[in-house]
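Below, chains carry the letters A, B, ... as their sequence lines are ordered, and counting in each starts from 1.
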Amino acid sequence: MSAYEEIYAIIRQIPRGKVATYGQIAMKANRLGHARLVGYALHRLAPHQNDVPWHRVVNAKGEISYSIFRQGGDYLQRNLLEDEGVLFSPDEKINLKKYQWQPEP
DNA sequence: TTAGTGACGTCCC
DNA sequence: AGGGACGCCACTA
């Protein structure tokens, strides 16, 4: 089981209507402080891995982080989240206080 | 085997 | 308050 598969497994646990931050996932994957790995794992995520809710992963500020090379991707992610009931602030941010996933112990 | 790369987080002005 | 710089590890060619 590679480190990335661990990360994917954790992201799969994010419930519908909630979001998680990269740092949060890194922490649960026993990779404290390695948020970049989480980001890279998602970058490497193949399109057919539809069981991984990648759109529920945002940065620590509650903003959408997406590859700048994929144009329009941010719009797609926002759309998917709004579909699940996650509302955005006027400045395109998510209220983490309200929507951040709090993993069960 | 070595080097390059990549969806972030945090500290310091 | 806002912006800039650095660090970190896994994976591919």
Side-chain angles (χ1 to χ4, degrees):
Chain A
M1 183 151 183
S2 74
Y4 286 172
E5 287 171 357
E6 278 184 49
I7 292 173
Y8 297 149
I10 291 171
I11 294 177
R12 266 190 286 262
Q13 296 173 24
I14 304 176
R16 194 174 178 280
K18 293 285 180 181
V19 298
T21 66
Y22 290 89
Q24 198 179 357
I25 293 167
M27 194 169 61
K28 283 207 81 61
N30 217 359
R31 301 280 191 291
L32 182 61
H34 298 179
R36 295 193 81 188
L37 291 182
V38 179
Y40 190 40
L42 288 180
H43 172 242
R44 292 260 305 135
L45 185 61
H48 60 275
Q49 300 245 33
N50 288 332
D51 57 325
V52 179
W54 53 269
H55 55 276
R56 297 186 192 141
V57 184
V58 297
N59 64 23
K61 293 173 266 189
E63 298 170 326
I64 291 185
S65 284
Y66 209 72
S67 172
I68 75 169
F69 298 106
R70 294 196 182 183
Q71 302 174 1
D74 52 346
Y75 180 77
L76 171 63
Q77 181 167 6
R78 193 176 92 187
N79 221 339
L80 287 169
L81 288 175
E82 285 178 340
D83 245 18
E84 297 186 349
V86 178
L87 302 180
F88 283 70
S89 314
D91 53 351
E92 313 259 337
K93 290 186 188 173
I94 295 175
N95 185 342
L96 286 180
K97 293 276 190 189
K98 186 172 180 180
Y99 295 113
Q100 183 166 204
W101 174 44
Q102 279 153 28
E104 315 270 335

**Residue pairs passing the salt bridge (Lys or Arg N to Asp or Glu O under 4.0 Å) test where at least one lies in residues 22-40 of chain A, sequence neighbours excluded** = none
**Asked** Restricting to pairs with a member in residues 96-105 of chain A, which pass salt bridge (Lys or Arg N to Asp or Glu O under 4.0 Å), not counting sequence neighbours?
**Response** none
**Prompt:** Do you know the tightest heavy-atom contact between A:Asn59 and A:Thr21?
**Reply:** O-CG2, 3.8 Å
**Item:** Nearest atoms (heavy-atom pairs only) where A:Ile7 meets A:Ala41
**Value:** CD1-CB, 4.0 Å
**Prompt:** When you measure from every atom of DNA chain B, which of residues 80-87 of chain A have a heavy atom less than 4.0 Å away?
**Reply:** none
**Request:** Please confirm whether the backbone N or O of A:Val57 pairs with a side-chain atom of A:Gln24, one donor and one acceptor, at under 3.5 Å?
**Result:** no
**Prompt:** Between the main-chain N or O of A:Val38 and the side-chain N or O of A:Tyr4, is there a donor-acceptor pair closer than 3.5 Å?
**Reply:** no
**Item:** Non-neighbouring partners of A:Gln13 that pass side chain to side chain donor-acceptor pair (under 3.5 Å), sequence neighbours left out
**Value:** none
**Contact letters for nucleotides 6-13 of chain C, in which S counts primed atoms plus P, OP1 and OP2 and B counts the base, heavy atoms under 4.0 Å** = -BBBSSS-
Rounded to whole angstrom units, what separation is found between the [atom1] atom of [X] and the [atom2] atom of [N]?
X: A:Lys28; N: B:dC8; atom1: NZ; atom2: C1'; result: 19 Å
X: A:Lys61; N: C:dG2; atom1: NZ; atom2: P; result: 12 Å
X: A:His43; N: B:dT5; atom1: NE2; atom2: C1'; result: 9 Å

**Message:** Considering only residues two or more places apart or on different chains, which pairs with a residue in residues 83-96 of chain A satisfy side-chain hydrogen bond (donor to acceptor under 3.5 Å, both in side chains)?
**Reply:** A:His55-A:Glu84, A:Arg56-A:Glu84, A:Arg78-A:Glu92
